[in-house]
Amino acid sequence: MSKFAKSVGFFAINLLLIWHVFAIAISPSAMPPASPLLADASNVARPYNQALFLNHGYHYFAPNPGASSLLEFETAPDNDVPQLTRIPDATGYFPRLRYHRFFMLAENVWAFGDEAQQDFIEAYARHFSRKLNSPSISVVSVSHDPAPMRRIMAGGDLNHPSSFLRDPLAEFEFADNGDTVRKSFHNMAAADVDVELLPTPMPDSSDSDDANRDSDSTAETLEDTSNTGVRPPIPMTP
Amino acid sequence: MSDQADTTQMAVHQSAVPQQHTASSVSTNHGSPAFSLRQKLTSGLNQWKAFWFEPSDPLMLAIIRILTAGMLFYNLCVWTLDFEAFFSANGLQPLATVQKIYEGSPVFSFWFYVPEPWLWIAHLSCLAIVFLFFTGTATRLTSILSYLITISYSQRVPIANFGLDQILGLLCLYLAVGPCGACLSVDSWIRKLKARRKQTTESAVEAVTKLKSSSATVSLRLIQIHLCVIYFWAGFAKLKGDSWFTGEAMWNVIANLEYQTTDLTWMAHVPWLPYLVAHITVIWELFFCVLVWNKTVRPVVLLIGTGMHFGIGAFLGMWTFGLAMTFCYFAFSDAATVRSRWSRWFWRTEFGKVHVEQPVRTSVSAPPPVNAAPLQTSAIADSTAAAPLPASASTVAKPKNSDSIRGLPGTELLVIALRERHRQSLQKYFRNHNVPCRSTAHVQASELLAADLPPAAILIMASELSLHQLTRLIDDLENVAAVPILVVVSEALMQEMQHREQVATLLQAPVTLKEIHEELIQAIWKGRDGFQTNLSAPNSTDQ
């Protein structure tokens, strides 16, 4: 190989290394709150990071670890015996990694836009309606707050009913082949989400923080939240 | 010694090439700012090159490969339990919805293109490929495929992702960059078989030297830097939240029932403990990227991280994520230290039977140089033979694995000197005096060499070593080869060493080559463990 080619190759490799280090370092900087400068810098590297699956925020249990998000699936009474299943369910899923996967289904669904959320919730409902062998199923969002120290010191436990906040999400009815016969969503924005801190605008939200964002760019919004590691502040999971 | 000998050598060089020396002194104005800037730029460039491209041992990459591929294989096995639920087109993650999320983004997942009837075949193929990667088979190909498999699974089910997928993704990417199959792999085993068939033999040190590559360094550096980025942002992100400042954050994690695998709520009665853990976590994460590069504090930093991640595994049930993070720590380990610590096991699995080179033997009729006292040339059995250093008592007996080890153990002098001119001077001197001599500049490699040879004596030029490094080196050499050790030290080091109990013979610099030679003779004759009974007294001509 000629000396010139070696020099060019060496220069190219070094340039790639510098670019790569910049890309992985700048990616998490766009997590809100972030200045437009950091957001723009992160956007420069976003395609590269997305392609290589390096676009992560690394906001583990940050900024504040908070309540867990759960989902309950209740079938309509069949012979007066309603069935209830919940994700995550520590007793129902083994090994622990499997439990964690289902845990993330409940935690991370709120990171996406409304349309995607509804699609995913519907998919979950279809799955559990098959599992529970019931054509009708309702979905409830459950937020489980961590117990404060004083409750534990007073003899309480982590399962105190007051720590659970239930919010009906939707009802579904499915045909035998899985097609959706009927679906009814409640106000998704009223789910256990701190709306004002959401990085993307909710169509029926009263939040004005995202007024500068283009609310028509739903795809971009969804892409932002799903691929840059941007998550709502409900428990940021490692 | 070194200065005196070097002066002699330098005088020879100067007399031979005076023009060059003179010419070089007038060609450049060394005092100009431009020259100073140029020097700094050149120095910076050299440091950059050394940081990224100095060839390094791929052993740690191989270890990371095994651990990462093992975790990836486990991950895929767990996906098998709910494979259709997650990966079918109308499962928990509808394909159309996921593709819509990624619309317009350069996101790759081969699952977007696999027809529904082929899902299981594709999944089982992925399991097979990852297993091959784990074993280090066709690693160049399987590493790249494993990376594509990792990101494909993760991108197909974006909601089900968490930290484990992020870490596996970056590890697989960087493993695909470097030669992670050069060691501890089926590939290396096949390479060894081919070498045996060709009847080529090489020493253990030569084998390691051949393995070293710049791509291994690049790969390890990328893992190190990415780990620094992760911890920095993990810590920085916590600063955005009040609870990490108030210390309540750790309690909120502990009191989260969905994460909990071990009940730590007793900490409510010791509130300062979760507060302390919260503050330590933030400080450690923020400063990891600075402290980990300091070799003195690195073990402490990595130990804290290991404790934290083991805690995440044990108390929050995220063993997979916790362990995957600690896999990255191996990028900060020194491969030579690992090899020396586990050398017996590694050499047998990596290089099979190691052949030691025959020592250099001079002609029987070659007279010894006038100014030197040859070592034991007439003292051992044949008085006319230009024999090498006398074998130490520990090597008189048949060595272990003698069927596989050729050459004469205990006949060579091992010189450990960081400066090249020391090594050259000593090697030249001793070879001129019919003493087979090997030298090394690498402290870690010296232990391997000492174990492989073993030598008759070891000479250490300690001018570049600290007290801690020297005492540790002497201890390690003592463990692998019970032979006399002579150390040339500075005055300051001599004073410090004299207060310590150690087995080496110390010689204070400056000292001549002849003095070193004589001290070595005395050290060998003084001997260890019955040595004296095997050898006759030194010849008077040695004095």
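We name chains A, B, ... by the order of the sequence lines, and we start the count at 1 in each one. Computation of the quantities below employed the complete heavy-atom set of this structure, encompassing side-chain atoms and omitting hydrogens, waters and symmetry-equivalent molecules.
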Practice item. Using non-hydrogen atoms and a 4.5 Å limit, figure out which bit of B:L173 sits close to chain A: side chain, backbone, both or neither. Key: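 When you check distances to chain A, only side chain atoms of B:L173 fall under 4.5 Å.
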Exercise for review: Decide yes or no on ring pair (Phe, Tyr, Trp, His ring centres under 6.0 Å) for B:F236 and A:H59, but give the supporting numbers first.
Suggested key: CA-CA 9 Å; B:F236 196 76; A:H59 280 42; 8.7 Å; no
**Study point:** Summary of salt bridge (Lys or Arg N to Asp or Glu O under 4.0 Å) pairs that have at least one residue in residues 255-277 of chain B, sequence neighbours excluded
**Key:**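 Those involving residues 255-277 of chain B do not exist here.
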Check your understanding: Is it true that the side chains of B:W52 and A:N14 contain a donor and an acceptor less than 3.5 Å apart?
Key -> no
Point to revise | Residues A:F103, B:Y259; criterion ring pair (Phe, Tyr, Trp, His ring centres under 6.0 Å); working and verdict | key: CA-CA 9 Å; A:F103 188 4; B:Y259 278 104; 4.9 Å; yes
Exercise for review: For chain B, find which of A:N159, A:L158, A:D157 contributes the most heavy-atom pairs closer than 4.5 angstrom.
Suggested key: A:L158
Exercise for review: Would you please test A:M31 and B:W233 for side chain to side chain contact (heavy atoms under 4.5 Å, CB included) and show each step?
Suggested key: CA-CA 10 Å; A:M31 291 285 286; B:W233 282 111; over 6 Å; no
Check your understanding: chain A: which of B:L148, B:T261, B:D242, B:D165 shares the most heavy-atom pairs with it under 4.5 Å?
Key ->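 The residue among B:L148, B:T261, B:D242, B:D165 with the greatest pair count is B:D165.
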Exercise for review: Go through the steps for A:R101 and B:D82 under the test salt bridge (Lys or Arg N to Asp or Glu O under 4.0 Å), then give the verdict.
Suggested key: CA-CA 10 Å; A:R101 293 295 184 198; B:D82 300 285; over 6 Å; no
Practice item. Apply side chain to side chain contact (heavy atoms under 4.5 Å, CB included) to the pair A:L54 and B:L170, showing each step before the final yes or no. Key: CA-CA 7 Å; A:L54 296 175; B:L170 70 94; 4.2 Å; yes
Review point. Taking all atoms of both residues into account, what is the closest heavy-atom pair of B:T265 and A:I152, and its distance?
Key: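 That would be O-CG2, 3.6 Å.
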Review point. Can you pull out the residues in residues 277-286 of chain B with any heavy atom less than 4.5 Å from chain A?
Key: none
Review point. Are any non-hydrogen side-chain atoms of B:L316 and A:R96 less than 4.5 angstrom apart?
Key: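 No. Closest side-chain heavy atoms not under 4.5 Å.
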Review point. With side chains defined as the heavy atoms from C-beta onward, is the minimum distance between B:F53 and A:F10 less than 4.5 Å?
Key: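 A side-chain contact exists here, since the closest heavy-atom pair is under 4.5 Å.
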Practice item. Sequence neighbours left out, what passes ring pair (Phe, Tyr, Trp, His ring centres under 6.0 Å) with A:Y93? Give chain and number order. Key: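 Testing A:Y93 for ring pair (Phe, Tyr, Trp, His ring centres under 6.0 Å), a comparison that skips the adjacent residues, returns A:F102.
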Study note, to complete from the structure: Residues at least two apart in sequence or cross-chain that pass side chain to side chain contact (heavy atoms under 4.5 Å, CB included) with B:P94, listed by chain then number, are A:F120, A:A123, B:T97
**Study point:** Contact origin within A:R130 toward chain B - heavy atom pairs under 4.5 Å
**Key:** side chain
Review point. When A:L97 is tested against each of B:W79, B:F321, B:F162 for side-chain contact (heavy atoms from CB on, under 4.5 Å), which residue passes?
Key: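 Of the listed options, the one satisfying the test is B:F162.
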